[in-house]
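First listed ligand is number 1; within each ligand, the first listed atom is number 1.
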Amino acid sequence: MENFLLPKSLLFNDSSKPPIIQGIKEWQERHKVEDYKIGYNRVALITGITGQDGIYLTAMLLSPLFMAPFVYQVHGIVRKNSASLPILINLQETLERQQGRKVSLTLHYGDVTDPHFMQQTIHSVKPDEIYNFAAQTHVQHSFFMPSHTIDVNFKGLVNICQAALSLSFAYQRSVRIFHASTSEMFGQTTAQQSDSLMGESFPFNPASPYAVSKIASYYLVRYYRSVYQMRISTAISFNHESPLRHESFVTRKITKGVARIKLGIQEKLLVGNLYAKRDWGHARDFVRGFWIINNQELVKGVRNDSGIDSRQPFEDYVIATSWSMPVLDFLQEAFKKAGFGQLQLMRDNGYEQLCSGERVLAKVDPKFLRPGEVPMLRGDPSKIESELGWKAEIQIEGLMDEMLEYDEQVAKLEMLVRERAKL
Ligand code: NAP
Ligand code: G4F
């Protein structure tokens with residue numbers, strides 16, 4: 001039912017600032033560079049388009065307020081049973097209503113693990129830009145499904161790169177590829193490292209099959225870039241959330257749980273490790289960073305007013321807010337914002353629980369503890385800030401407020417449906 005609700009941050013209108021790449025309009029007027037078909041169409045292919053980042057990127061590329069020098073046609077790869085398909089369809093219909101015309105969104109049913117499907121799709125779509133978001137993204141699930149995780153996260157990228165390479169040989173077309181890497185690759189830090197911010201050269205120390213699959217893909221990006229001079233790059237992204245985050249991830253599990261507890265349709269929250277710290281940003285900021293990275297020579301040219309050197313190799317960037325917070329603080333703050341006041345942290349059978357007087361509102365359930373945990377992640381975004389002018393605009397406070405407000409709406413709808421069902 002929540003699929004009918006679009007979060008505020010997804011749509012750009014007069015009151016929400018559209019993503020502007022600094023100075024691009026002035027630069028467009030001054031330079032005419034052949035490589036950039038300024039004002040012409042660009043074709044973007046998004047794998048994982050039904051996921052959080054896929055939906056935010058689609059909304060941005062198809063918004064008339066997105067200040068990029070291209071008009072986008074968006075293609076997306078969708079698994080037939082994706083539960084998030086309705087929200088994508090709702091987004092398309094909303095954008096068309098807003099703009100009073102059709103937007104160019106085409107879906108292709110398939111799977112990135114199928115090399116024939118990827119070859120055929122990339123050859124028929126002939127994308128200018130690919131964004132590879134498709135992945136088995138849940139760290140805890142990767143302990144139970146290591147082989148599947150490696151298949152989707154690593155072999156999926158192999159299939160995409162091979163198809164893009166053959167497209168460039170067959171049609172002399174170069175396609176730029178953005179791949180989504182993760183801060184999980186940094187993994188467990190030593191005591192000496194634990195206070196340092198994690199930048200591009202911070203060592204990898206993976207603690208899950210998910211992290212291993214992403215490290216393998218990270219090196220695959222470097223391989224295709226150095227051996228075939230492909231325009232491929234990656235962002236090492238720290239955690240980013242939104243009302244569209246799947247509820248199996250901790251922030252959304254908390255905001256949805258708190259909203260339902262407030263309305264009396266859930267008794268308590270069951271969670272895992274309360275002491276892990278994460279650098280939480282907003283997905284809307286992150287997808288703007290992904291576009292900038294995939295168009296990095298254009299953005300560097302605009303910023304230096306130097307035109308574009310298309311021989312310049314692509315580079316990888318960390319995207320983060322540089323702020324981090326323990327799960328426990330996120331949980332307590334969410335209950336506080338929802339009007340539950342100060343909660344007491346107690347212990348029962350060796351596990352923590354958060355109580356309001358006699359009432360238990362949240363409790364650690366060992367089934368959510370992981371065999372390998374990453375205790376602390378905090379990123380250093382200084383390279384992308386200084387070279388590409390990206391900066392996180394939405395802080396944790398704004399993120400939490402939006403998620404709680406959205407989840408209260410969802411919970412109220414759920415109540416309404418329950419009431420009606422009784423009639
Ligand atoms: P998400 O919401 O979990 O979405 C994952 C997407 O991948 C979904 O659209 C899913 O389709 C699709 N998918 C899964 N297996 C597939 C397959 N075999 N073939 C085709 N599509 C498949 O993830 P997200 O948060 O948007 O993250 C996007 C990317 O960024 C991922 O690669 C993730 O690892 C990476 N990343 C995310 C974060 C973060 O904090 N969000 C941080 C660092 C890196 P269904 O709808 O059918 O399930
Ligand atoms: O929300 P999480 O599941 O995200 P996690 O494991 O950090 O992974 C996310 O971010 C990565 C980037 O760093 C992405 F690459 C990845 O795809 C995904 O998007 O867990 C965050 C922390 C963990 O330490 C976990 O142990 O919260 C802890 N946690 C505590 N209770 C819980 C729970 N995590 C989940 N999912 N569910 C709980 O009940």
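- Here atom 14 (C) of ligand 2 lies nearest to Y210 when heavy atoms of Y275, W280, Y210 are compared.
- In summary, the atoms of ligand 2 found under 4.0 Å from a heavy atom of L377, numbered by their order in the structure, are 13 (O).
- Centroid-to-centroid, the aromatic rings of F204 and Y218 come within less than 6.0 Å.
- Using a 4.0 Å cut-off to heavy atoms of N239, the atoms of ligand 1 that qualify are 40 (O).
- Atoms of ligand 2 found under 4.0 Å from any heavy atom of G272 (numbered from 1 in listed order, with element): 30 (C), 31 (N), 33 (C), 38 (C), 39 (O).
- Atoms of ligand 1 found under 4.0 Å from any heavy atom of A180 (numbered from 1 in listed order, with element): 29 (C), 30 (O), 32 (O), 35 (C).
- Only the side chain of R245 comes within 4.0 Å of ligand 2, counting heavy atoms alone; its backbone N, CA, C and O stay farther away.
- For T251, no heavy-atom contact with ligand 2 is shorter than 4.0 Å.
- Of all atoms in ligand 2, numbered sequentially from 1 with element shown, those under 4.0 Å from a heavy atom of V139 are 6 (O), 8 (O).
- Within the structure, ligand 1 lacks A83 among the residues with a heavy atom less than 4.0 angstrom away.
- Using a 4.0 angstrom heavy-atom cutoff, F286 does not count as in contact with ligand 1.
- Side-chain rings of H108 and H75 approach one another, their centers coming within less than 6.0 Å.
- In this structure, H246 does not count as a contact residue of ligand 1, since none of its heavy atoms falls inside 4.0 Å of the ligand.
- At a 4.0 Å heavy-atom cut-off, ligand 2 touches S248 through the backbone alone.
- Residues passing the side-chain hydrogen bond (donor to acceptor under 3.5 Å, both in side chains) test with T251 are E241, sequence neighbours excluded.
- With D401 as the fixed residue, the salt bridge (Lys or Arg N to Asp or Glu O under 4.0 Å) test singles out one of K8, K336, K337: K337.
- Looking at V271 against ligand 2, both its backbone and its side chain come within 4.0 Å, counting heavy atoms.
- Heavy-atom proximity to D111, at under 4.0 Å, picks out these atoms of ligand 1: 17 (C), 18 (N), 19 (N).
- Under a 4.0 angstrom heavy-atom cut-off, R245 registers as being in contact with ligand 1.
- Close to ligand 1: K214, with a non-hydrogen atom less than 4.0 angstrom away.
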Evaluation steps, ring pair (Phe, Tyr, Trp, His ring centres under 6.0 Å), between W291 and Y131:
CA-CA 9 Å; W291 183 88; Y131 294 85; 8.7 Å; no

